[in-house]
**Q** 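One structure, pasted below without further comment.
Atom set for the values below is all heavy atoms of this structure, side chains included, hydrogens, waters and symmetry mates excluded. The chains referred to below are lettered A, B, ... by the order of the sequence lines, with proteins before strands, and numbering in each begins at 1.
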Amino acid sequence: MPSHISVSKISNYVGQDVILKGWVYNRTDKGKLVFLLVRDGSGFIQCVAFKGDLTPELFETVSKLPQESSVIITGSVREDKRAPGIPGGYEVGIKDLQVVQAAGLDYPMALKDHGVDFALDNRHLWIRMQSQWAILRVRVRVMSAVREYLDGQGFFNLDTPILTPAAAEGTSTLFETEYFDEGSAFLAQTGQLYNEANIFAFGKVYCYGPTFRAEKSKTRRHLTEFWMLEPEIAFCDLDGLMDIEEGLITHIAQSVLKDCAAELKFLGRDISKLESVVGPFPRMSYDDAAKYLIELYEKETDPERKELLKFEWGMDFGAPHEVEITKLHDRPVFVYGYPSAVKAFYMEPWPDRPEVCKSVDLLAPEGYGEICGGSERMSDPDKLRARIQKEGLPEEAFKWYLELRKYGSVPHAGFGMGTERVTAWMCGIEHIREAIPFPRTIKRIYP
RNA sequence: UCCUGGCUAGCUCAAUCGGCGGAGCGAGCGGCUGUUAACAGCUCGGUUGUAGGUUCAAAUCCUACGCCAGGAGCCA
C-alpha cells in the first residue's frame, strides 16, 4: 500500500508508488495524455494520465478536471527533465485519482498576470499561485532565520503588548480603539519601550509580532500592519548594535539562499546579489553620507533629478538619497549618527555633539533602502526627562519608563527590522504587499 | 494632504484625426502520446467607472464625482 508523501520530498521516492493529496493547479491535455500540475502546499508537481493506463471513465474525469479541484492521486514517481514544477524534474504517472471536490468552473485567477486591484481583491485565492507561494515561503524562512539566530545568541523572545495606553512617538500615526472604562487604547507601533523594561530582567530580548502605523503612506515600502522584529540589548553601544544587525542579516540571507533555492529560482532572483550579503557591512557616518549627497546634488544637471536629490545637512534621507548611498556597495550599508531633530526622543546624544544622536539605519542594496532602524537609548534619567518635556509628551505616561533609568541604568541599544521589507529584498520583488499573506494598506482591509 | 497616471468582456489589453467596439486568456464542443501560462479549429461572452455636456456622430473631446495605482511627506 503506497503512503501519502509531500511533493517537496518527491526525490526520495523515484521508482515507488505514492499517494499525493492536493489541488489541480493547471491542466493541459494532448490527445491520449493529460498533464495535471498538482500543488500540495509543499510544492508543485506534474502528474501524467495516459489513456491506456486508466479506465475510460477515470480518464474522462481526469481530462475534465477543473482548475483548483481537490484530488487524491495514486501513482508512480519517475525522474523526467521535461517535468515542470517546484522543485521540478520529477513527475507522477497516475494510476488512480479520487476527486475530493470538483472546483467551480468560474475560478477567477488565471495563470497569468493580473492587475493589482483584482489580485488584491482575490488575495485569498492569489496566495495559491506559484509566485505568491514562493514569496511567502521565503517570508517563513526569513522569520525562522531570525529566531534561530537570536535564540542562538542568547536572546529571549518576550513579546510586548499590542494594546497600549499611549504613544511612543506621537499619537497621529496610531490606531485608536475603545478600552472599557479606561478610555482609549492604541495599537502598538513599537514594542521598544517594553523591550527596554525586559532587558533589565533578561539582558538580551526581542519581540517579534505585528505592529501598526496609521501613516498615510502610499508607497511600495509601506503597510499599515507589518511584522517587526525588535531586539534590545543591555550593556550595548552603537558599534555592538551594528555587529548584531550584521550577523542577523547575514544569517537571514544565507539561510534563504540555502533553503529557498527553488523558490528564488522560480522568482528569477539574481542569486549573486544575495551571495554577497556577508558581513562586515560598510559603516558610513551621516556626515559623510551628507557630504556625498550634497556633491551629487551639485553635480546633477537634469533639473528633475536635481530636485529629487536636493539635500542639506540636517535633513532625513528620502528614497532617492538612500538609493544613491546604497549604489556605492554590493551589500547593505550602515549609516549612523543622524541629526537628533529627525529621530525619536529616546536616542542617546553623541558625546560633545548634542545635535547628533547615536542612531543607525541599515540600508539594503538594489534600491530596497531602509530595512533596520535603531539606536543606543538615552540611559541618563535627567536627560531623558528633559527630552520628554521638550517634546511635549505627557510625563506621567512615561513614569515607568523613567524608573528604568533610576534603578540600575546601563547603556543599552536596540533596533527594529521590517520583515516584509527584508522578504521583498530577498525575493527581488517590487512591492512589499506581496511579502505578507493579507496586506493591510491605507486603502485596503479586505479580504 | 499634494503631484502624476489609469478605469473597455470574468481576467489582461487593443481600438489610427471624433466615424461599424477587437484579440488573447477563461468557459463550451471537436482534434492530437510530452505539454511547460501547450498548440490549431469552431462557439459563448459588452449599459466602454458614474452623472452631465459638446457633436450629424463620443471608449475617444469638456466638466464634476467615484474608485484604483505610483510617487512625495513620514517611516520598518
Side-chain angles (χ1 to χ4, degrees), chain A residues 25-37 44-53 59 63-64 66-67 80-86 88-89 91 93 104-122 125-126 129-131 169-170 172-173 189-192 208 210-230 245 304 307-308 310 315-320 322 342-344 361-364 368-374 415-425 430-433 435-436 441-444:
Chain A
Y25 184 70
N26 193 20
R27 188 197 74 230
T28 177
D29 48 304
K30 194 171 186 315
K32 296 185 175 120
L33 278 175
V34 178
F35 298 96
L36 301 179
L37 190 56
F44 294 72
I45 187 160
Q46 173 160 283
C47 299
V48 187
F50 175 52
K51 196 170 185 177
D53 292 343
F59 186 78
S63 62
K64 291 274 162 59
Q67 184 186 357
D80 193 318
K81 285 201 166 55
R82 297 170 295 186
I86 306 175
E91 65 178 23
L105 292 172
D106 54 351
Y107 184 68
M109 301 302 288
L111 299 180
K112 54 189 282 194
D113 292 334
H114 289 284
V116 174
D117 196 29
F118 180 83
L120 287 174
D121 277 344
N122 290 283
L125 305 174
W126 189 23
M129 293 187 69
Q130 285 178 321
S131 60
E169 300 165 26
S172 65
T173 59
Q189 58 180 354
T190 173
Q192 185 208 313
Y208 201 1
T211 190
F212 306 88
R213 305 266 168 105
E215 294 160 3
K216 297 200 168 178
S217 300
K218 282 181 59 181
T219 81
R220 70 188 64 191
R221 300 164 57 233
H222 286 89
L223 297 169
T224 55
E225 178 181 321
F226 65 98
W227 281 62
M228 183 160 67
L229 165 73
E230 293 180 278
E245 291 186 37
E304 209 169 307
E307 183 59 31
L308 278 174
K310 196 166 183 175
M315 283 170 64
D316 204 355
F317 301 137
E322 287 185 357
V342 300
K343 291 290 180 185
D361 284 355
L362 182 61
L363 310 180
Y368 284 94
E370 185 176 350
I371 50 172
C372 297
F415 68 93
M417 183 200 85
T419 301
E420 292 76 16
R421 286 188 181 178
V422 171
T423 303
W425 168 44
E430 276 286 299
H431 201 300
I432 67 167
R433 66 182 157 224
I436 187 169
T441 61
I442 184 170
K443 287 289 184 184
R444 185 169 295 277

**Q** Of the options B:U35, B:A37, B:A76, whose atoms approach the side-chain atoms of A:F226 most closely?
**A**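 Shortest atom-to-atom distance from the side chain points to B:A76.
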**Q** Report the residues that fulfil side-chain contact (heavy atoms from CB on, under 4.5 Å) with A:L105, sequence neighbours left out, ordered by chain and then residue number.
**A** A:P66
**Q** Between A:E230 (CD) and B:C75 (P), how many Å, whole number?
**A**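 About 15 Å, once rounded to whole Å.
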**Q** Quantified in whole Å, what is the C1' atom distance between nucleotide B:A58 and nucleotide B:C17?
**A** 14 Å
**Q** Measure distances between side-chain N and O atoms of A:H222 and base N and O atoms of B:C75, and say whether any donor-acceptor pair falls under 3.5 Å.
**A** yes
**Q** For atom P, what is the distance between B:U4 and B:G52, given to the nearest Å?
**A** 28 Å
**Q** Can you tell me which nucleotide in B:A72, B:G34, B:C74 comes closest to the side chain of A:E215?
**A** B:C74
**Q** For atom C1', what is the distance between B:A9 and B:G26, given to the nearest Å?
**A**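 Looking at atom C1' only, B:A9 and B:G26 are 11 Å apart.
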**Q** Please classify the nucleic acid contact of A:Q46 as base, sugar-phosphate, or nothing, using heavy-atom distances under 4.0 Å.
**A**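 Touches a base.
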**Q** How long is the line joining CG of A:L111 and P of B:C39, in whole Å?
**A** 12 Å
**Q** Quick one: does any side-chain atom of A:Q67 pair with a main-chain N or O of A:R27 as donor and acceptor, under 3.5 Å?
**A**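 No: the side chain of A:Q67 does not pair with the backbone of A:R27.
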**Q** Mind checking if A:D106 touches a base, just sugar-phosphate, or nothing, with heavy atoms under 4.0 Å?
**A** nothing
**Q** Counting the atoms with a prime plus P, OP1 and OP2 as sugar-phosphate, which does A:A319 contact under 4.0 Å by heavy atoms, base, sugar-phosphate, or nothing?
**A**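 Answer is sugar-phosphate: A:A319 comes under 4.0 Å of backbone atoms only.
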**Q** Between P on B:C74 and CD1 on A:I442, what's the gap in Å once rounded to a whole number?
**A** 16 Å
**Q** Apply the test salt bridge (Lys or Arg N to Asp or Glu O under 4.0 Å) to residues A:R444 and A:D117: give CA-CA distance (whole Å), side-chain angles for both, the deciding distance (0.1 Å), then the verdict.
**A** CA-CA 10 Å; A:R444 185 169 295 277; A:D117 196 29; 2.7 Å; yes
**Q** Within a radius of less than 6.0 Å around NZ of A:K343, do more than 12 heavy atoms belonging to other residues, nucleotides or ligands occur?
**A** yes
**Q** I'd like to check A:F226 versus A:R213 (side-chain heavy atoms, cut-off strictly below 4.5 Å). Are they in contact?
**A**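 A:F226 reaches A:R213 side chain to side chain.
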**Q** Using a 3.5 Å limit for the pairing distances, which stems of at least 3 consecutive Watson-Crick or G-U wobble pairs does RNA chain B take part in?
**A**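 Stems found: B:1-7 with B:66-72, B:10-13 with B:22-25, B:26-29 with B:41-44, B:49-53 with B:61-65.
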**Q** Under 4.0 Å, heavy atoms only, any strand: does A:L229 hit a base, just the sugar-phosphate, or nothing?
**A** nothing
**Q** Ring of A:F35 versus six-membered ring of B:G34: centres under 5.5 Å and planes under 30°?
**A**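 Here the ring of A:F35 and the base of B:G34 are not stacked, as the 5.5 Å and 30° limits are not both satisfied.
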**Q** With the side chain counted from C-beta on, respond yes when A:D53 and A:F59 share a heavy-atom pair under 4.5 Å apart, and no when they do not.
**A** no
**Q** Nearest of B:C75, B:A69, B:G34 to any side-chain atom of A:E91?
**A** B:G34
**Q** Quick one: is A:K30 getting a side-chain N or O under 4.0 Å of the B:C32 phosphate, OP1 or OP2?
**A**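 Result: no.
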**Q** In whole Å, measure the gap between the C1' atoms of B:G21 and B:A14 for me.
**A** 10 Å
**Q** From the set B:A37, B:U35, B:G73, return the single nucleotide nearest to any side-chain atom of A:N26.
**A** B:A37
**Q** Could you check which of B:G71, B:U35, B:C68 has an atom nearest any side-chain atom of A:K218?
**A**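 Looking only at heavy atoms from C-beta outward on A:K218, the closest nucleotide is B:G71.
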**Q** Rounded to whole Å, how long is the line connecting atom CE of A:M129 with atom C1' of B:C25?
**A** 12 Å
**Q** Kindly say whether, by distance alone, the side chain of A:S217 makes a donor-acceptor pair under 3.5 Å with the base of B:C74?
**A**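 Per atom types, the contact qualifies.
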**Q** Taking the same atom, P, in B:G70 and in B:U12, what whole-Å distance lies between them?
**A**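 Here B:G70 and B:U12 have their P atoms 15 Å from each other.
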**Q** Do A:M109 and A:F118 make a side-chain contact, defined as non-hydrogen atoms from C-beta onward lying under 4.5 Å apart?
**A**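 Yes; the side chains approach each other to less than 4.5 Å.
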**Q** Base, sugar-phosphate or nothing for A:M417? Non-hydrogen atoms, less than 4.0 Å.
**A** nothing
**Q** Could you state the CG-P distance from A:D29 to B:G41, rounded to the nearest angstrom?
**A** 17 Å
**Q** Whether A:K112 contacts B:C25 is assessed here as follows: a side-chain N or O lying under 4.0 Å from the phosphate OP1 or OP2. Is that the case?
**A**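 No, A:K112 has no side-chain N/O under 4.0 Å of OP1/OP2 on B:C25.
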**Q** Determine the interatomic distance between C1' on B:C68 and the same-named atom on B:G49; round to the nearest Å.
**A** 11 Å
**Q** Among B:G28, B:U12, B:C75, which nucleotide has an atom closest to any side-chain atom of A:E322?
**A** B:C75
**Q** Taking side-chain hydrogen bond (donor to acceptor under 3.5 Å, both in side chains) as the test, write out the residues that go with A:R433, two or more places apart.
**A** A:H431
**Q** For the side chain of A:R220, starting at C-beta, report the closest nucleotide among B:C68, B:G71, B:G34.
**A** B:G71
**Q** NA contact type, A:D361, heavy-atom cut-off 4.0 Å: base, sugar-phosphate, or nothing?
**A**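 Nothing, no nucleic acid heavy atom in range.
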**Q** Got a donor-acceptor pair under 3.5 Å from the side chain of A:E430 to the base of B:G70?
**A**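 It does not, because no donor-acceptor pair links the side chain of A:E430 to the base of B:G70 below 3.5 Å.
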**Q** Taking side chain as C-beta onward, heavy atoms only, is A:N26 less than 4.5 Å from A:F44?
**A**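 In short, these two side chains do not touch, never coming nearer than 4.5 Å.
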**Q** Would you say a side-chain N or O of A:H431 is under 4.0 Å from OP1 or OP2 of B:G70?
**A**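 Checking B:G70 against A:H431, a side-chain N or O does come within under 4.0 Å of OP1 or OP2.
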**Q** Of A:T441 and A:L362, whose nearest nucleotide on RNA chain B comes first from the 5' end?
**A** A:T441
**Q** Indicate syn or anti for B:G10, taking the glycosidic torsion and treating anything within 90° of 0 as syn.
**A** anti
**Q** Could you check A:F118 against A:Q67 and say which one's nearest nucleotide on RNA chain B is further toward the 5' end?
**A** A:F118
**Q** If the glycosidic angle is within 90 degrees of 0 it's syn, otherwise anti, so just tell me which one B:C67 is.
**A** anti
**Q** Please report the distance, rounded to the nearest Å, between CD in A:E225 and P in B:C75.
**A** 21 Å
**Q** Calculate the interatomic distance between A:R27 atom CZ and B:C39 atom P; express it in whole Å.
**A**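 After rounding, the reported distance stands at 14 Å.
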**Q** Indicate, with a heavy-atom threshold strictly under 4.0 Å, whether A:G115 touches base, sugar-phosphate, or nothing.
**A** sugar-phosphate
**Q** How far, in whole Å, is B:G73 from B:U1 if one measures between their C1' atoms?
**A** 9 Å
**Q** With side chains defined as the heavy atoms from C-beta onward, is the minimum distance between A:K112 and A:M129 less than 4.5 Å?
**A** no
**Q** Would the base of B:C75 count as contacting A:R421 through its side chain, where contact means a donor and an acceptor less than 3.5 Å apart?
**A**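 Looking at the base of B:C75, it does pair with a donor or acceptor on the side chain of A:R421 (distance under 3.5 Å).
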**Q** Identify whether any heavy atom of A:K51 sits under 4.0 Å from a base atom; if not, whether one sits that close to sugar-phosphate; answer base, sugar-phosphate or nothing.
**A**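 Touches nothing.
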**Q** Between B:G53 and B:C20, how far apart are the C1' atoms? Round to whole Å, please.
**A**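 Per the computed distance, 25 Å lies between those C1' atoms.
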**Q** Find the distance A:K64:NZ to B:A27:P and express it as a whole number of Å.
**A** 12 Å
**Q** Look at the side chain of A:T219 and decide which nucleotide, out of B:A37, B:C68, B:A72, has an atom nearest to it.
**A** B:A72
**Q** From B:A69, B:C75, B:G28, pick the nucleotide closest to the side chain of A:R221?
**A**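 Shortest atom-to-atom distance from the side chain points to B:C75.
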